[in-house]
2 protein chains.
Amino acid sequence: MNKKRPTDGELEILRVLWARGRSTVREVLGELDRDSGYTTVLKLMQIMTEKGLVEREKQGSTHTYWAAASQEATQRHLVRDLLDRAFPGSAQRLVLQALAERPAEPQELAEIRKLLDEQEGGEPA
Amino acid sequence: MNKKRPTDGELEILRVLWARGRSTVREVLGELDRDSGYTTVLKLMQIMTEKGLVEREKQGSTHTYWAAASQEATQRHLVRDLLDRAFPGSAQRLVLQALAERPAEPQELAEIRKLLDEQEGGEPA
DNA sequence: GCCAACCTACGAAGACTTTCGTTGATGTTA
DNA sequence: TAACATCAACGAAAGTCTTCGTAGGTTGGC
């Protein structure tokens, strides 16, 4: 039951875990943008374990970590959270600004259109 | 030059200020969802003044506050920030999840389509 | 067996956020 | 003017996040 969104540091670590899959602390450390010390990353990942954001398994003397929730599920939470906090009313503005910020590929545009069509088709309230 | 995103409490206050326009602390307090005490909201707004998130003007013994940045500009920052932190690569996922979360009105869909068309029209790299 | 390298765990420090009690100033009203 | 309400300013407390030093256990090579 995790209500709160991950912190910035936690999210960076999750991104590495999603990209790499199961990883040790040292492997995560190597991929991080920020240059934190080893014990800093270790501590974060220990806390994330307590929070249930990651899970781990002992192999020899080393722990292997992986993200407890999928990237998609986490993104869904983050989007919902941002909509609630900053985009009262509709999602339209968020969509427009996201697309303006990072123009999408033709193939992506097609997928977005597909979803628009479905919504236009309209489910009754 | 404000790099960091507003905290949750600050964002709530900003939302009230965007909706109401110029407001006193007590007016903001009355509109807030969370039930904070008067001095709590006052303190937050004082800190926001120091940070440059809001501006204020003394009228008699009371201060009138307003948001320093527009809602749109702030939303733009928040979207960019979220894209950077959690949506590596493309904005497509964010768009799809936002629309799934909060289906848009036909008129909004039309506007989104318009932007898609413009992007498809395609600016050459 | 012993040493060096690596790993985990723990705790504490500093920064930030949110909370509110207290104090003193200002304004209103009887 | 005196009493009362309202306001701003200040500081402290509690919680969280990030950082890292230190200590102790494990592993592998020689």
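Values in this document were obtained by computation on a predicted structure and should not be read as measured data.
- B/Gln59 has its CD atom 11 Å from the P atom of D/dA8, to the nearest Å.
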- How does each nucleotide of nucleotides 19-30 of chain C score, in 5' to 3' order, for protein heavy atoms under 4.0 Å: base (B), sugar-phosphate only (S), or none (-)? BBBB---SS---
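- Regarding contacts with the backbone of D/dT16, every side-chain N or O of A/Lys51 stays at 4.0 angstrom or more from both OP1 and OP2.
- When the C1' atom of C/dA15 is taken as reference, atom CD of B/Glu50 falls 15 Å away, rounded to whole Å.
- Within the structure, side-chain hydrogen bond (donor to acceptor under 3.5 Å, both in side chains) pairs that include any residue of residues 93-111 of chain A comprise A/Arg93-B/Gln75, A/Glu101-B/Arg80, A/Arg102-B/Asp84, A/Glu108-B/Ser90, A/Glu111-B/Gln92 (at least two apart or interchain).
- Cluster partners of A/Leu96, by chain and number: A/Val95, A/Leu99, A/Leu109, A/Ile112, A/Leu115, A/Leu116, B/Val95, B/Leu96, B/Leu99, B/Leu109, B/Ile112, B/Leu115, B/Leu116. The rule joins Ile, Leu, Val, Met, Phe, Trp and Tyr whenever side-chain heavy atoms lie under 4.5 Å apart.
- Among residues two or more places apart in sequence or in another chain, the side chain to side chain donor-acceptor pair (under 3.5 Å) test is passed with A/Ser23 by A/Arg20.
- Chaining together hydrophobic side chains whose heavy atoms lie under 4.5 Å apart leaves B/Trp66 on its own.
- For the helix from C/dG1-D/dC30 to C/dA30-D/dT1, the axis fitted to the five pairs at one end and the axis fitted to the five pairs at the other end meet at an angle of 10° (nearest 10 degrees).
- The side chain to side chain donor-acceptor pair (under 3.5 Å) check on B/Thr64 picks up B/Gln59, with sequence neighbours excluded.
- Under the rule for a side chain to side chain donor-acceptor pair (under 3.5 Å), the partners of A/Arg22 that lie at least two apart in sequence or sit in another chain are A/Glu57.
- A donor-acceptor distance shorter than 3.5 angstrom exists from the side chain of A/Thr74 to the backbone of A/Ser70, with no hydrogens or angles considered.
- Rounded to an integer number of Å, the gap from A/Arg56 CZ to C/dC7 C1' is 11 Å.
- Contact check, A/Gln46 against C/dA9: a side-chain N or O comes under 4.0 Å of OP1 or OP2.
- Interface residues of residues 7-17 of chain A facing DNA chain D, ordered by number: A/Thr7, A/Asp8, A/Gly9; criterion, heavy-atom separation under 4.0 Å.
- Rounded to an integer number of Å, the gap from A/Leu42 CG to D/dA23 P is 17 Å.
- Residues satisfying the side chain to side chain contact (heavy atoms under 4.5 Å, CB included) criterion with B/Arg85, sequence neighbours excluded, are A/Asp8, A/Leu11, B/Arg5, B/Asp81, B/Leu82.
- Distances shorter than 4.0 Å separate none of the side-chain N or O atoms of A/Lys4 from OP1 or OP2 on C/dT17.
- A close approach under 4.0 Å does occur between a side-chain nitrogen or oxygen of B/His63 and OP1 or OP2 of D/dA8.
- Residues in residues 33-46 of chain A take part in these salt bridge (charged side-chain N to carboxylate O under 4.0 Å, His left out) pairs, two or more places apart or across chains: A/Glu12-A/Arg34.
- Of the charged side-chain nitrogens involved, none lies within less than 4.0 Å of a carboxylate oxygen, so that A/Arg15 and A/Glu31 do not count as a salt-bridged pair.
- By the 4.5 Å heavy-atom criterion applied to side chains, B/Met48 and B/Leu14 are counted as neighbours.
- Contact check for B/Ile13 versus B/Tyr65: no side-chain heavy atoms found under the 4.5 Å cut-off.
- At a non-hydrogen distance threshold of 4.0 Å, nothing from residues 21-32 of chain A comes into contact with DNA chain D.
- In this structure the side chain of B/Leu53 never reaches within 4.5 angstrom of the side chain of B/Ile47, judged on heavy atoms.
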